[in-house]
2 protein chains.
Amino acid sequence: MKKEKELLSENVEEDDDIKIRISQSVIKRMALYLNALEKLQVQKGQESFFVPSTTIARLSGVKAVQVRKDFSHFGTFGRPGVGYEADNLRKQIIKILNLTQNIGIAFVGIGQLGSALVRYYYQRFSEREHGYFEPRALFDVDPEKKGTSFEGLKILPLEKMPEVIKELGIEVSVITVPSDSAQEVAELAVESGVKAILNFAPVILEVPDHIKLQSVDLSTELEHMGYYL
Amino acid sequence: MKKEKELLSENVEEDDDIKIRISQSVIKRMALYLNALEKLQVQKGQESFFVPSTTIARLSGVKAVQVRKDFSHFGTFGRPGVGYEADNLRKQIIKILNLTQNIGIAFVGIGQLGSALVRYYYQRFSEREHGYFEPRALFDVDPEKKGTSFEGLKILPLEKMPEVIKELGIEVSVITVPSDSAQEVAELAVESGVKAILNFAPVILEVPDHIKLQSVDLSTELEHMGYYL
DNA sequence: TAGATTGTTAATCGATTAACAATC
DNA sequence: TAGATTGTTAATCGATTAACAATC
């Protein structure tokens with residue numbers, strides 16, 4: 001079945017420079033599949049069982065062939081005529097998504113949205129047994145918030161970012177500051193050493209190529225729906 | 001310049017059945033362009049000026065040719081050699097996105113995330129002069145919340161949805177309930193007559209074809225970033 | 001074996017971009 | 001006019017899907 005394609009495929013996984021070639025859509029769906037598998041395991045009350053691509057597809061809102069095609073970028077995990085062993089597949093995806101250990105995240109901007117997200121992610125991920133995204137530091141400019149705690153974490157002034165991010169090995173920064181300050185906050189985060197930024201401020205941020213930037217514009221999500229009414 | 005293509009193009013805009021052909025990516029970018037234009041107007045302190053596609057592109061994080069191509073789906077708004085008249089373009093986009101009047105939205109699930117979103121959208125849109133998404137009703141199962149108010153809106157029990165949604169002409173429902181109840185809440189919303197759903201619960205919802213469903217999975221947004229670390 | 005299902009190739013589909021004539 | 005910029009066609013690129021041999 002596999003041919004010299006396999007060599008290429010292995011490169012894709014092992015060589016950091018080529019890794020980038022797998023499209024973000026595929027990666028996002030991999031995260032979706034992981035969720036689907038975990039849900040299935042809870043539902044069935046057991047970890048080990050065989051699941052066909054059709055089931056994973058249904059739970060993830062994609063086509064079965066898409067699921068198999070996506071997997072094929074990373075290796076062969078299934079058995080023809082049988083399906084995928086759920087727990088093995090789950091572990092493979094965890095490895096692919098680098099979720100074998102906890103990943104430290106910092107939140108910048110602890111306003112309405114910021115604090116809601118801290119709680120949301122805290123609840124959502126802390127119940128996982130495998131590596132999860134762990135809120136490790138909160139930052140805010142507002143001097144009034146300085147010293148106050150939230151979900152067991154002190155809110156720190158922005159000046160502490162470089163120090164704290166290095167010290168706690170934080171790799172991802174979630175930005176929920178007002179648009180005006182988002183760019184400078186992003187730069188500070190990058191200087192402090194984060195590798196990825198999840199941005200909720202409705203601006204286009206400029207970051208160096210080696211930084212993974214993901215923006216979620218909650219207004220635009222809503223706004224574009226007008227078209228369909 | 002334009003040929004018989006124009007006929008087709010007009011259909012696309014005027015015929016509801018064919019309208020659907022314009023891809024969601026285009027529509028989302030239109031919303032982005034609108035934001036960019038409004039920002040520019042604030043920045044310049046004036047409404048009327050000419051802006052080239054390159055500027056709009058930079059502010060929206062896309063290529064200039066993409067901007068022009070996107071516009072071309074809806075008509076010709078610019079002047080060769082000159083650019084686009086900002087305020088006219090803005091108005092055109094507002095018309096395209098159906099934002100000429102306020103659009104009523106209901107929030108279902110007024111927990112952490114839900115209440116943060118209410119405030120977020122409230123602030124974000126209420127300062128606009130043109131039509132905006134207006135929170136008109138809040139719903140929650142929790143009987144303790146019954147009667148309490150939030151941002152000037154009473155929190156109502158789910159049973160009231162059909163009645164209230166019809167009465168207040170609500171067209172969009174934002175769902176921020178736990179995964180388990182998301183599907184039934186969506187069905188209730190659809191029965192109540194909403195035309196679009198913005199879903200934040202991390203599940204795949206099933207809705208009839210005529211309902212526009214948009215899902216934002218905040219966990220997946222974060223989770224897939226592990227890959228790039 | 002027969003039925004189910006994978007992994008992969010090739011075909012299709014759609015979206016982005018390059019190139020350029022038309023126009024201000 | 002010369003330079004700038006649009007709108008559109010055609011080319012490219014990438015992603016999805018159909019088809020099917022291989023395998024359990």
Side-chain angles (χ1 to χ4, degrees), chain A residues 1-10 12-13 18 20-30 32-33 37 49-58 60-86 88-89 92-93 96 224, chain B residues 1-10 12-13 18 20-30 32-33 37 49-58 60-86 88-89 92-93 96 224:
Chain A
M1 242 182 249
K2 359 176 193 163
K3 300 219 179 120
E4 79 287 351
K5 188 73 188 292
E6 169 144 275
L7 263 157
L8 194 86
S9 185
E10 278 180 359
V12 169
E13 252 313 89
I18 305 185
I20 205 172
R21 300 214 186 177
I22 291 176
S23 85
Q24 161 143 333
S25 325
V26 175
I27 301 300
K28 272 205 181 155
R29 285 194 298 265
M30 292 303 282
L32 240 42
Y33 304 151
L37 285 168
F49 49 88
F50 280 89
V51 56
S53 55
T54 46
T55 302
I56 301 173
R58 184 172 38 78
S60 315
V62 305
K63 301 247 165 81
V65 66
Q66 178 92 271
V67 172
R68 299 199 300 276
K69 179 86 200 211
D70 286 345
F71 290 168
S72 78
H73 291 111
F74 305 98
T76 66
F77 308 126
R79 279 211 265 157
V82 179
Y84 303 86
E85 199 289 297
N88 169 54
L89 182 58
Q92 297 288 346
I93 299 179
I96 290 164
H224 90 278
Chain B
M1 239 181 250
K2 356 173 196 164
K3 299 221 180 119
E4 78 286 350
K5 188 72 187 293
E6 170 146 277
L7 263 158
L8 194 85
S9 184
E10 277 179 0
V12 170
E13 250 315 87
I18 306 188
I20 206 170
R21 299 212 186 182
I22 290 176
S23 83
Q24 158 141 333
S25 325
V26 174
I27 301 301
K28 271 204 181 157
R29 285 195 298 265
M30 292 303 282
L32 239 42
Y33 304 152
L37 284 168
F49 50 88
F50 280 91
V51 57
S53 55
T54 46
T55 302
I56 300 172
R58 185 171 38 79
S60 315
V62 305
K63 300 248 165 83
V65 66
Q66 178 91 270
V67 172
R68 299 199 300 276
K69 180 83 199 212
D70 287 345
F71 290 167
S72 78
H73 291 110
F74 304 99
T76 65
F77 308 124
R79 280 211 266 155
V82 180
Y84 302 86
E85 201 289 297
N88 169 53
L89 182 58
Q92 296 288 346
I93 299 180
I96 290 164
H224 90 279

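Below, read A as the first sequence line, B as the second, and so on, with proteins coming before strands; counting in each chain starts at 1.
Considering only side-chain atoms of Val65(A), the nucleotide from dA10(D), dT5(D), dA19(D) that sits closest is dA19(D). Of the candidates dA19(C), dT17(D), dT6(C), dA19(C) carries the atom nearest the Arg68(B) side chain, counting heavy atoms from C-beta on. Across dG7(C), dT5(C), dC24(C), the shortest atom-to-atom separation from the side chain of Arg79(B) is found for dC24(C). Distance from the side chain of Pro80(B) is smallest for dT6(D) among the nucleotides dT6(D), dT17(C), dT5(C).
Looking at heavy atoms from C-beta onward, Gln66(B) lies in side-chain contact with Asp70(B) at the 4.5 angstrom threshold. Considering only heavy atoms from C-beta on, Phe71(B) comes within 4.5 Å of Met30(B) through its side chain. Arg29(A) is listed as a side-chain neighbour of Ser25(A), based on a closest heavy-atom distance under 4.5 Å. Side-chain contact between Thr55(A) and Tyr84(A): absent, with no pair of heavy atoms (C-beta onward) separated by less than 4.5 Å.
Remark: dA22(D) base-pairs with dT5(C). Criterion, Watson-Crick or G-U wobble with two distances under 3.5 Å. Of all nucleotides present, only dA10(C) satisfies the Watson-Crick or G-U wobble test against dT17(D), with each distance under 3.5 Å.
Phe77(A) comes within contact range of the sugar-phosphate backbone alone, with a heavy-atom separation under 4.0 Å but no base atom that close. Using a 4.0 Å heavy-atom cutoff across all strands shown, Ser53(A) reaches sugar-phosphate atoms only and no base atom. Lys63(A) comes within 4.0 angstrom of sugar-phosphate atoms only, judged by non-hydrogen atoms across all strands, and of no base.
One can place OH of Tyr84(B) at 9 Å from C1' of dT5(D), the figure rounded to the nearest angstrom. Remark: P of dT16(C) and CD of Gln24(A) are 14 Å apart, rounded to the nearest angstrom. Atom C1' of nucleotide dT6(C) and atom CG of Asp70(A) are separated by 14 Å, given to the nearest angstrom. The distance between atom CZ of Phe71(A) and atom P of dT6(C), rounded to the nearest whole Å, is 9 Å. Distance Arg21(B) CZ to dA15(C) P: 12 Å, rounded to the nearest Å. Atom P of nucleotide dT17(D) and atom NZ of Lys69(A) are separated by 12 Å, given to the nearest angstrom. Straight-line distance from the CD atom of Gln92(B) to the P atom of dT6(D): 16 Å, rounded to whole Å. In this structure, CZ of Arg29(B) is placed 9 Å from P of dA15(C), rounded to the nearest angstrom.
Nearest-nucleotide positions on DNA chain D place Gln66(A) closer to the 5' end than the other of Gln66(A) and Val82(A).
In this model, the phosphate group of dA15(D) is approached by a side-chain N or O of Ser23(A) to a distance below 4.0 Å at OP1 or OP2.
Taking both residues in full, the closest heavy atoms of Tyr33(A) and Ser60(A) are given as CD2-OG, 3.4 Å, listed atom of the first, atom of the second, then distance.
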